*Asks:* 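Dropping a structure here in structure tokens format, bear with me for questions.
We use all heavy atoms of the structure for the numbers below, so side chains are in, but hydrogens, waters and symmetry mates are not. Start at 1 with the first residue, then count along the sequence. In this text, all values refer to a predicted model and were calculated from it rather than measured experimentally. First listed ligand is number 1; within each ligand, the first listed atom is number 1.
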Amino acid sequence: MPQTWMITGANRGIGLAITIELLRRGDRVIAAARNPWGGALAELAAEHPAALIPVELDVTSDASIAAAKEALAGQAIDVLLNNAGLYGPRDRQSGLDVDFDAWREVFEVNVYAPIRVAQAFLPNVEAGQGRKIATISSRMGSLAANPGNALIYRSSKSAVNMAMVVFGNSVRARDVSVMLFHPGWVQTDMGGSGADITPAESANGLIRTIDASGMAETNSFRDYTGEAITW
Ligand code: NDP
């Protein structure tokens, strides 16, 4: 039975790789992106006109979320994947010189948006069979990792971990599972070409792990292989 996944930031990087793998195995993908009609998504839409549903979505914009919500009214979603993310400026992230404007911008995308998106599309998830909301966080948000620099990015991922756990508690009684993932260090624009794994490796691991998860895994923090990560 094909599933329907909704993925934010589906136009490049890890989000695009997950979209490609899901379409390959016959699932449907609601590919949400600021520009879902260009680049790689346009090519995929031509190949999979029935299975790929492009939706315009800037995850920081209430108006954009409202328009996407209206466009998807009544559409069941099995897995909602908060993937869109920002790193922030590489050179202004130490404790002594953090760029506060950039910090606010990164929090909009990495922390507030996953909650906004989860709230907006919760009715769609409740209409689906999968009943899963997954968020791509990062091992860099782990306090146990004894962080060095990257104040903006690390604090945003620590914050989204806590925010989604609270959200998970809010929807536990509705049988919706909420999960956090580290995708590995992945060769994307954000991860850089020297990263450990390809987007396809990360995507396949994440899909396999999310497929095998349910309410027993709600409020867990794991990597793309399914291994638990210390908060
Ligand atoms: P990329 O930089 O390659 O892609 C980021 C994606 O997020 C793009 O699709 C981008 O869209 C989208 N995005 C950013 N801002 C917005 C917005 N306001 N509205 C909608 N979409 C937006 O990153 P990755 O693919 O590497 O990262 C995906 C996720 O994985 C992120 O959450 C990241 O933090 C996390 N991660 C990545 C790691 C890595 O090694 N790559 C390691 C750990 C975590 P657009 O093209 O329009 O800019």
*Asks:* Of all the non-hydrogen atoms in the protein, which one sits nearest to atom 11 (O) of ligand 1, and at what distance?
*Replies:*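 Result: N11 OD1, 3.6 Å.
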*Asks:* To check your reading of the model: name the closest protein heavy atom to atom 21 (N) of ligand 1, its residue, and the distance in Å.
*Replies:*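 Of the protein heavy atoms, A84 CB, 3.5 Å lies nearest.
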*Asks:* In this structure, are over 12 heavy atoms from other groups packed under 6.0 Å from M162 atom CE?
*Replies:* no
*Asks:* Note the single closest protein heavy atom to atom 20 (C) of ligand 1, along with its residue, its atom name and the distance in Å.
*Replies:*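 Closest protein heavy atom to atom 20 (C) of ligand 1: L57 O, 3.4 Å.
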*Asks:* Report yes or no: do T198 and E201 form a side-chain donor-acceptor pair below 3.5 Å?
*Replies:*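 Judged by distance alone, the side chains do pair up.
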*Asks:* So if I count the atoms of ligand 1 from 1 in the order they appear, which ones are less than 4.0 Å from some heavy atom of G13?
*Replies:*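 Answer for ligand 1: 3 (O), 25 (O).
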*Asks:* Between Y153 and ligand 1, which part of the residue brings a heavy atom under 4.0 Å of the ligand: side chain, backbone, both or neither?
*Replies:* side chain
*Asks:* Can you tell me how the ring of W103 sits relative to the ring of F107, calling it parallel under 30°, perpendicular over 60° and tilted otherwise?
*Replies:* perpendicular
*Asks:* Taking only non-hydrogen atoms of P183, do any sit less than 4.0 angstrom from ligand 1?
*Replies:* yes
*Asks:* Return the residue, atom name and 0.1 Å-rounded distance of the protein heavy atom closest to atom 18 (N) of ligand 1.
*Replies:* D58 OD1, 3.0 Å
*Asks:* What residue and heavy atom of the protein are closest to atom 19 (N) of ligand 1, and at what distance?
*Replies:* V59 N, 3.0 Å
*Asks:* Mark yes or no for whether Q93, through its side chain, and P89, through its backbone, hold a donor-acceptor pair below 3.5 Å.
*Replies:* yes
*Asks:* Starting from atom 30 (O) of ligand 1, find the nearest protein heavy-atom neighbour and note its residue, name and distance.
*Replies:*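 Checked against all protein heavy atoms, atom 30 (O) of ligand 1 sits closest to I136 CG2, 3.1 Å.
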*Asks:* Could you list which atoms of ligand 1 come closer than 4.0 Å to a heavy atom of T60?
*Replies:*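 Selected atoms, number and element: 18 (N).
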*Asks:* Below 4.0 Å from ligand 1: does a non-hydrogen atom of T8 turn up there or not?
*Replies:* no
*Asks:* Any N or O of V109 that comes nearer than 3.5 Å to an N or O of ligand 1?
*Replies:*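 N/O-N/O distance under 3.5 Å: no.
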*Asks:* Ignoring angles and geometry beyond distance, decide whether G15 reaches within less than 3.5 Å of ligand 1 through its nitrogen or oxygen atoms.
*Replies:*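 Min N/O separation from ligand 1 is not below 3.5 Å for G15.
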*Asks:* Considering all heavy atoms of both residues, which atom of P123 and which atom of Q119 are nearest to each other, and what is their separation?
*Replies:*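 Heavy atoms of P123 and Q119 come nearest at CD-O, 3.9 Å.
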*Asks:* Say whether S202 and ligand 1 are in contact under the criterion: heavy-atom distance to a ligand atom below 4.0 Å.
*Replies:* no
*Asks:* State the atoms of ligand 1, each with its element, that fall below the 4.0 Å cut-off from a heavy-atom position in W185.
*Replies:*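 In order of number, 40 (O).
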*Asks:* For atom CD of E47, decide whether the heavy atoms of other residues, nucleotides or ligands shown that lie under 6.0 angstrom number more than 12.
*Replies:*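 Enclosed: over 12 neighbouring heavy atoms sit under 6.0 Å from CD of E47.
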*Asks:* Going by atom types only, do S64 and R34 share a side-chain donor-acceptor pair under 3.5 Å?
*Replies:* no
*Asks:* Is the CD atom of E126 crowded by more than 12 outside heavy atoms at less than 6.0 Å?
*Replies:* yes
*Asks:* Quick one: nearest non-hydrogen protein atom to atom 42 (C) of ligand 1, plus distance?
*Replies:* G184 O, 3.2 Å
*Asks:* Counting C-beta onward and ignoring hydrogens, is there a side-chain heavy-atom pair between I133 and N82 closer than 4.5 Å?
*Replies:* yes
*Asks:* Looking only at side-chain N and O atoms, does N161 offer a donor or acceptor that is under 3.5 Å from a partner on S158?
*Replies:*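 Absent: no donor and acceptor within the cut-off.
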*Asks:* Would you say V29 and I18 make side-chain contact, with heavy atoms under 4.5 Å?
*Replies:* no
*Asks:* If you measure from atom 47 (O) of ligand 1 to every heavy atom of R34, M190, R12, which option wins on shortest distance?
*Replies:*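 Going through R34, M190, R12 one by one, R34 has the nearest heavy atom to atom 47 (O) of ligand 1.
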*Asks:* Looking at D62 and R116, does any basic side-chain N land under 4.0 Å from a carboxylate oxygen?
*Replies:* yes
*Asks:* Which residue and atom name correspond to the protein heavy atom nearest atom 32 (O) of ligand 1, and how close is it?
*Replies:*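 Looking at atom 32 (O) of ligand 1, the protein heavy atom closest to it is N83 O, 2.9 Å.
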*Asks:* May I ask which of P36, S137, G85 has a heavy atom nearer to atom 44 (C) of ligand 1 than the others do?
*Replies:* S137
*Asks:* What part of K157, side chain, backbone, both or neither, has a heavy atom within less than 4.0 angstrom of ligand 1?
*Replies:* side chain
*Asks:* For D189, counting its heavy atoms only, list the atoms of ligand 1 lying under 4.0 Å from any of them.
*Replies:* 3 (O)
*Asks:* Keeping the roles fixed (side chain from Q187, backbone from A195), state whether a donor-acceptor pair exists under 3.5 Å.
*Replies:*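 It does hold such a pair.
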*Asks:* For atom 26 (O) of ligand 1, which candidate among V186, L86, T188 provides the closest heavy atom?
*Replies:*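 Selected option, by shortest heavy-atom distance: T188.
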